[in-house]
Trainee: 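If you scroll down you'll find the structure; I have some questions about it.
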Amino acid sequence: ITNMTERYWTAGDGNTALYAERESGLIIGECGKIGVNSFKYYCTVYTSPSESGSLGVYISAEAAKAAIEKFWTITDRTLIE
């Protein structure tokens with residue numbers, strides 16, 4: 001994933017939102033409601049086609065989305081080779 005890539009949110013299945021790179025369409029994050037009657041939301045980042053990581057459980061979809069966006073903002077500023 002390259003720095004300064006334009007990203008966007010789109011609706012996934014049901015109560016899920018997907019975070020993707022605009023140019024490639026690659027999904028790099030996902031958040032969604034845990035259960036039907038729950039007020040908890042999970043968020044996951046996809047750092048490569050074979051690796052993902054949980055960023056925790058949040059009280060709202062907005063907070064979960066913000067965590068994913070913050071993760072990628074920090075990652076974009078970090079150079080590891």
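Only this structure's heavy atoms are used, side chains among them; waters, hydrogens and symmetry mates stay out. Fair warning: this is a prediction, and the values are worked out from it, not measured in the lab.
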Trainee: Would you indicate whether Leu55, at its atom CG, is surrounded by more than 12 heavy atoms from other residues, nucleotides or ligands within a distance under 6.0 Å?
Mentor: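 It does: Leu55 CG has more than 12 such atoms within range.
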Trainee: Please report the shortest heavy-atom distance between Lys33 and Ser38, naming the atom on each side.
Mentor: CE-O, 2.6 Å
Trainee: Indicate whether any N or O donor in one side chain lies under 3.5 Å from an N or O acceptor in the other, for Tyr46 and Glu51.
Mentor: no
Trainee: Supply the atom-to-atom distance Lys70 NZ to Cys43 SG, rounded to the nearest 0.5 angstrom.
Mentor: 12.0 Å
Trainee: Distance check, rounded to the nearest 0.5 Å: Leu18 atom CG versus Ile27 atom CD1?
Mentor: 4.5 Å
Trainee: Would you kindly confirm whether Ile68 and Tyr41 end up in one hydrophobic cluster when ILVMFWY residues are joined by side chain heavy atoms under 4.5 Å apart?
Mentor: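 As far as the 4.5 Å side-chain criterion goes, Tyr41 and Ile68 are not connected within one cluster.
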Trainee: Does atom OH (Tyr8) have a neighbourhood of more than 12 heavy atoms from anything else shown, all under 6.0 Å?
Mentor: yes
Trainee: Under the side chain to side chain contact (heavy atoms under 4.5 Å, CB included) rule, what do Ile28 and Glu21 come out as? Steps first, then yes or no, please.
Mentor: CA-CA 7 Å; Ile28 57 173; Glu21 293 182 341; 4.2 Å; yes
Trainee: Applying ring pair (Phe, Tyr, Trp, His ring centres under 6.0 Å), name anything that partners Tyr19, two or more places apart in sequence or on another chain.
Mentor: Trp9
Trainee: Does the Thr16 side chain pair with the main chain of Asp13, one donor and one acceptor, at a distance under 3.5 Å?
Mentor: yes
Trainee: Please examine the side chains of Asp76 and Arg7, heavy atoms only from C-beta on, and report whether any two atoms are closer than 4.5 Å.
Mentor: yes
Trainee: For Glu30 and Tyr42, does a side-chain donor sit closer than 3.5 Å to a side-chain acceptor?
Mentor: yes
Trainee: Taking Val45's backbone N and O only, do any of them form a donor-acceptor pair with Trp72's side chain (distance below 3.5 Å, no angle check)?
Mentor: no
